[in-house]
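One is the number of the first residue; the rest follow in order along the sequence. Nothing here was measured: the structure is a model prediction, and the numbers come from that model.
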Amino acid sequence: MAVQAPPQLIGAPLDGFADEARRALERHPEAKLLAFPELHLFGDGFPDRQREEALRGAAEPLDGPRVEALAALASELGVWLVPGSVCELGEHGELFNTQIVLSPEGRLAGSYRKVFPWRPHEPYVPGDRFVVVDLDGIGRVGLNICYDAWFPETMRQLAWMGAEVVLNVVKTTTADRAQELVLARANAIVNQVFVVSVNCAGPTGMGQSIIVDPEGGVIAEAPDAEPTLLATDLDLAVVDHVRTNGTAGVNRMWSQFRPGEPAIPLPVYGGRIDPETWQPSNFS
């Protein structure tokens, strides 16, 4: 279940978030997963300025009391819990925007540091790896945060790692949410995966959360920025069906090549993203 809601204030007791999660489950007790927007626990009012000093003051390592309390909440609720992303204090004092997944048993099942912070507005250090998490009873989920979705490499890598669903937690407060809806569908189509993009509600965010199937069809969407719940049962067998039979019954991108055909060089990035060679003009 995707929970489109306004962010909680930085430093607010977690009791408010716990009540929010309980209310969502009361409305949809069948839900196995609760997913909240990016930085859901780190709002600073309206307009949301994401003040670096406030974020850094609230940052904790993933073995700190905040994640411990959230893990206990996941255990109490008996669901997979994605409380959006959190401000993680790194091993050397870095500030990361980190998506976490907590299991129904109350353990940290996975974490992902945002690879593409929204420059120049976000103060976070980029992460350096992509992450998928196997959720018992659900499937393999790829972790993805907001602006990451603008870079097709991120979704392709997660699909390559076996993700059947990509969970894109979002805090979009600007008019480009319209483009993000296109990207959600396009990323689902070209990778033949489900995409869940959950944005924060107004007045901070633009809302319009969306759940897309592997052929780009919209399963559920929020029409506006009002708080809402998107609850749906994803049949992950559809991923294999679409890849076997093709999008619209014709396009099987993962079966494009045949044994014995020549390899195709892919020189872009030289095998990695290096800030020194990021500009397209460097590739001739």
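Annotation: the span from T174 atom OG1 to Q179 atom CD amounts to 9.0 Å, rounded to 0.5 Å. The CG atom of N245 lies 10.0 Å from the OG atom of S255; values are rounded to the nearest 0.5 Å. Once rounded to the nearest 0.5 Å, the distance linking CZ of R27 with CG of L229 reads 4.5 Å. One distance of note links CD of E68 with CD of E60; it measures 10.0 Å at 0.5 Å rounding. The distance from the CG atom of L167 to the CG atom of L33 is 6.5 Å, given to the nearest 0.5 Å. Of the inter-residue distances, the one linking L236 atom CG with E164 atom CD reads 5.0 Å to the nearest 0.5 angstrom.
A donor and an acceptor atom, one from each side chain of E180 and S197, are nowhere located under 3.5 Å apart. In the model, H92 has no side-chain atom that pairs as donor or acceptor with a side-chain atom of E94 under 3.5 Å. Counted by atom type alone, Q99 and E38 present zero donor-acceptor pairs between their side chains at under 3.5 Å.
When every heavy atom of L34 is checked against every heavy atom of L25, the shortest pair comes out as CD1-CG, 4.0 Å. Nearest heavy-atom pair across A149 and L183 is O-CD1, 4.0 Å. The shortest non-hydrogen separation linking A74 to L81 is CB-CB, 3.8 Å. E20 approaches A5 most closely through the heavy-atom pair OE2-CB, 3.2 Å. Closest non-hydrogen pair, R66 versus A59, comes out as NH1-C, 4.4 Å. Between V132 and G142, the closest heavy-atom pair is CG1-CA, 3.9 Å.
Looking only at side-chain heavy atoms (C-beta outward), Q192 and T247 come within less than 4.5 Å of each other. Residues V141 and V101 are not in side-chain contact: their nearest non-hydrogen atoms beyond the backbone lie 4.5 Å or more apart. With a 4.5 Å cut-off on side-chain heavy atoms, P61 and L89 count as touching. The closest side-chain heavy-atom distance from V170 to R177 is below 4.5 Å. P6 places none of its side-chain heavy atoms less than 4.5 Å from the side chain of C200. Between I211 and V195, every side-chain heavy-atom pair lies at or beyond the 4.5 Å cut-off. Residues L14 and L73 are not in side-chain contact: their nearest non-hydrogen atoms beyond the backbone lie 4.5 Å or more apart. Side-chain atoms of W150 and D176, non-hydrogen and from C-beta on, do get closer than 4.5 Å to each other.
One hydrophobic cluster, built from ILVMFWY side chains closer than 4.5 Å, cannot hold both L143 and L62; they sit in different ones. Taken together through direct or relayed side-chain contacts under 4.5 Å among Ile, Leu, Val, Met, Phe, Trp and Tyr, W160 and V115 form parts of separate hydrophobic clusters. Both V238 and L230 belong to a single network of hydrophobic side chains, linked directly or stepwise wherever heavy atoms of I, L, V, M, F, W or Y lie under 4.5 Å apart. Hydrophobic clustering of Ile, Leu, Val, Met, Phe, Trp and Tyr side chains at less than 4.5 Å, counting indirect connections, keeps V190 apart from V165. Residues V86 and V82 are members of separate hydrophobic clusters, defined by side-chain heavy-atom contacts under 4.5 angstrom among Ile, Leu, Val, Met, Phe, Trp and Tyr.
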Criterion side-chain contact (heavy atoms from CB on, under 4.5 Å) on C87 and L39, from CA distance to verdict | CA-CA 7 Å; C87 287; L39 295 172; 4.0 Å; yes
Audit row: Y124, L55, side-chain contact (heavy atoms from CB on, under 4.5 Å) steps and yes/no = CA-CA 10 Å; Y124 309 105; L55 295 174; 3.2 Å; yes
Would I100 and V67 satisfy side-chain contact (heavy atoms from CB on, under 4.5 Å), going step by step from the backbone distance to the final call?
-> CA-CA 9 Å; I100 62 174; V67 172; 4.1 Å; yes
Please step through salt bridge (charged side-chain N to carboxylate O under 4.0 Å, His left out) for the pair E122 and K114, ending with a clear verdict.
-> CA-CA 11 Å; E122 294 181 349; K114 188 176 185 179; 3.0 Å; yes
Let me see the working for D19 and R23 under side-chain contact (heavy atoms from CB on, under 4.5 Å), right down to the final yes or no.
-> CA-CA 6 Å; D19 289 342; R23 288 194 299 271; 3.6 Å; yes
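Side chain of S209 to main chain of N199: a donor-acceptor pair is present (N/O by atom type, distance under 3.5 Å, no hydrogens or angles). No donor-acceptor pair under 3.5 Å is formed between the side chain of E88 and the backbone N or O of F96. A donor-acceptor distance shorter than 3.5 angstrom exists from the side chain of R185 to the backbone of G216, with no hydrogens or angles considered. Distance alone, capped at 3.5 Å, is enough to place a donor-acceptor pair between the S103 side chain and the E105 backbone.
For F36, the ring pair (Phe, Tyr, Trp, His ring centres under 6.0 Å) partners are F17, H40, not counting sequence neighbours. A159 meets the side chain to side chain contact (heavy atoms under 4.5 Å, CB included) test with N191, V193, R243, W254; sequence neighbours excluded. By the side chain to side chain donor-acceptor pair (under 3.5 Å) test, S85 is found to be paired with N97, residues two or more places apart in sequence or in another chain being considered. I273 meets the side chain to side chain contact (heavy atoms under 4.5 Å, CB included) test with F116, Y269, W278; sequence neighbours excluded.
Within 6.0 Å of NE2 on H28 lie more than 12 heavy atoms contributed by other residues, nucleotides or ligands.
Screening residues 212-221 for side chain to side chain donor-acceptor pair (under 3.5 Å) gives no qualifying pairs among residues at least two apart or on separate chains. Among residues at least two apart or in separate chains, side chain to side chain donor-acceptor pair (under 3.5 Å) pairs with a member in residues 139-149 are Y112-D148, D134-R140, N144-T154, N144-N168.
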